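No experiment lies behind these values; they were computed from the predicted model shown.
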Amino acid sequence: MSDMSSRIETIQAVAGFHEIKPVPAKSYDQIGEGYGRDAFGIRTMRERLPKDVFKSVMRTIELGERLDPSIANTVANAMKDWAIERGATHYTHWFHPLTGATAEKHDSFLSPDGQGGSLAEFSGNQLIQGEPDASSFPSGGVRQTFEARGYTAWDATSPVFISRGTESATLCIPTVFVSYTGEALDKKTPLLRSIDAVSSQAMRILRLFGTDEGVSRVFATCGPEQEYFLIDRRYYLSRPDLLMCGRTLFGAASQKHQQLDDHYFGSIPDRVQSFMVEAEARLHALGVPVKTRHNEVAPAQYELAPEFETANIAVDHQQMTMQILQTSAPKLGLQCLMHEKPFAGVNGSGKHVNWSLSTNTGTNLLDPRDDTHTNMQFLVVLAAVIRAVDLHADLLRASIASASNDHRLGANEAPPAIISIFLGDMLTDIVHQIEKGSATSTKKGSDMDLGARTLPQIPRHSGDRNRTSPFAFTGNKFEFRAVGSNSSIAWPNAVINTIVAESLDHIASKLEESVGANPTEAKLKAAVKKLLKQIIKEHKRVLFDGDNYAQEWHEEAEKRGLPNFKDTVQALDALKTKKAKDIFKKYGVLNPVELEARYETYIEQYATKLRIEADTMVSIASNMILPAAVRYQGQLATAVAQTSAADVGCEELRASLEELSDLVCQLRADCSELQRLTHEQRAMEGHDAAKFLRDNVIPAMTELRSVADTLENIVADDLWPLPKYREMLFIK
């Protein structure tokens, strides 16, 4: 800011001197009427498409059959008419490059008619295939600058939708993105392949148990919870670190933050609730089934959660959710922060990915049901997950690795980097019974008497929950709690699907070998019992129901041989192992070139983000914090001189000046050292660059921040150039 005192003016404005009117609340009728109106979903297709064309598209969506290209023109024409009726003038292929964000290039529906006018056109070819520049997106070396051609291809399993700007509407067509040579350059292609893989292996299990009647496909399902921060946009625009990096690189802790636990599930502030109403209305129009909203633990932190959907649609809806949260906030004078750790010293934000498997007929394969110990099919799927997580914990850890998530994992608001499974009392008891020989009982819940006659007796579940576990069973699904708030959920989902597919394959092969071509119920039961016992004995080390934050668990996990990759550089090495190459290749999810490309892309993203943060720190420290400290140093020096001239004792004032002068000198030195290290690092590439940044630049950044944050608590408030934590977190 050009004038230090403008920070005070900003505080006054935010505190209510310039009122921002809230968005009027919408009624249930308004929300219901608008739900899904901007999504070309199944209901709209049924209304708009000829019956045979609709059935053909549904076979692709529900059964995984290859799309019939002969119907493309009919579908495209229906989409065009529907979109134009809703105000759309352009269309775009909407895809998920390896940046983690989404990408789009808009084309107009209008084409010259040769007679001085225009026609609205949209062909089947335009629907099915596009051609963006592949060399301008991250490719991990798959594409070079001179090798520009890439393709997008329509993903018919995810609904087409209309994206609305202030005065525009665009038809968005979910697509995959591949190179000219066919390698996947996006996050959706491996996800779709992994869904096919897990479906194929799960169907083998269903056939063994004779529960496949009417079932043609198994889907991975997902329900991602989204945590985020909201601060006043004027504070955001006054912080170069938030603008450039998404997090505060400097900032002393405020006297009050989350110690009182009074923000969690507290009353939602009016302006925040207006923002939520705006965002939810836009999401409902797109068919995104957002369900819950509440205050999270840290001040200014909130959460939104949807209902379950098939994983592919959930991934698309989650990307749309992040975009709409970020674009809705400025309408209320707010800024939505998606970074995993925007503020030091308070809880960061995650994105809990609730994952399960469900048949196309609606049966959840991870629903234990009553008398769980007798539900052999469920226990087989459960055992497959346990085996998968134990064998491939390194891949799960790599799937959520990023420079920003490193700030969060292992802190007291997120699971540690050690991947383990929480099952709860009921399933843990059954697992112990299986290990000993045979499961003969299921723990039941009970009713709770709350002591007052006017209160009802409420049911107590058969097991508690564990918020410290990275991979927790929560009733009829697993919750992968370690995913970062700013991440796409496509890659973690693809990894889970792939490793579970491998375990289902292993189990199905063992059982098929044991029971033969014509299995009897008794023979199958005996084979399942024997195999479950073996899997539990071999992989029980990954099960842990206690406090994952405790130091004792870290020591115990090391004894068990569980991997503990504490940072992204370590974690991403899992993608270079033979084991990783073999499993992704075997199930057709990623070939070795595609897997290597992801390693190269993610390690480069890690290094690039840290370089940007380091450069931003140097800029803020040199151009904003240092001048403020020097001005205050000058004021103190003048005060010391005047007090001394008046022959008044000023030892304490002089000591304050000396302390400040030492800190100013240290700030200059730390700033110069960080700048030197970043310059040295620029000559490095890939893993070497990332390792140098982790081992040298991050400690230097930490040291520079420590000095600057100490200065923040010393320099006069009216001189400090950056909005402080107490302002950003508490003034709404």
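- A tilted orientation is assigned to the rings of Phe95 and Phe177, their planes being inclined by 30° to 60°.
- A side-chain donor-acceptor contact under 3.5 Å links Asn548 and Ser420.
- Qualifying side chain to side chain donor-acceptor pair (under 3.5 Å) partners for Gln633, counting only residues two or more places apart in sequence or in other chains: Ser661.
- Counted within 6.0 Å of CD on Glu558, heavy atoms from surrounding residues, nucleotides or ligands total 12 or fewer; the atom is thus considered open.
- Residues passing the side chain to side chain donor-acceptor pair (under 3.5 Å) test with Asp406 are Thr568, sequence neighbours excluded.
- Counted by atom type alone, Thr327 and Arg282 present one or more donor-acceptor pairs between their side chains at under 3.5 Å.
- For Pro699, there are no side chain to side chain contact (heavy atoms under 4.5 Å, CB included) partners at least two apart in sequence or on another chain.
- Looking at Thr601, its side chain does come within 3.5 Å of a backbone N or O of Gly140 through a donor-acceptor pair.
- For the residue pair Gln301/Asn347, the side-chain donor-acceptor check at 3.5 Å is not satisfied.
- Counting heavy atoms of neighbouring residues, nucleotides and ligands inside a 6.0 Å radius, atom CZ of Arg164 exceeds 12 of them.
- Between the side chain of Asn564 and the backbone N or O of Pro416, no donor-acceptor pair lies under 3.5 Å.
- Of the possible polar contacts, one joining the Thr678 side chain to the Gln675 backbone as a donor-acceptor pair under 3.5 Å is found.
- Side-chain contact annotation: Asn354 with Glu225, donor-acceptor N/O pair under 3.5 Å present.
- No donor-acceptor contact under 3.5 angstrom links the side chains of Ser402 and Gln605, judged on distance only.
- Considering only residues two or more places apart in sequence or on other chains, Asp186 meets the side chain to side chain donor-acceptor pair (under 3.5 Å) condition with Thr189.
- Around CD of Glu680, the count of heavy atoms belonging to other residues, nucleotides or ligands within 6.0 Å exceeds 12.
- Applying the ring pair (Phe, Tyr, Trp, His ring centres under 6.0 Å) definition to pairs two or more places apart or across chains, those involving residues 242-263 are His263-Tyr302.
- In this structure a side-chain-to-backbone donor-acceptor pair under 3.5 Å is present from Ser254 to Lys256.
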Audit row: Glu479, His352, side-chain hydrogen bond (donor to acceptor under 3.5 Å, both in side chains) steps and yes/no: CA-CA 6 Å; Glu479 183 181 24; His352 305 165; 3.1 Å; yes
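- Using bins of under 30°, 30° to 60° and over 60° for the plane-to-plane angle, the ring pair Tyr725/Phe343 lands in the perpendicular bin.
- At least one donor-acceptor pair closer than 3.5 Å links the side chain of Arg271 to the backbone N or O of Leu332.
- More than 12 heavy atoms of other residues, nucleotides or ligands lie within 6.0 Å of CD in Gln551, so this atom counts as buried by the packing criterion.
- Side-chain atoms of Arg481 never come within 3.5 Å of backbone atoms of Pro415 as a donor-acceptor pair (strictly under, hydrogens ignored).
- Residues satisfying the side chain to side chain donor-acceptor pair (under 3.5 Å) test with Asn295, not counting sequence neighbours, are none.
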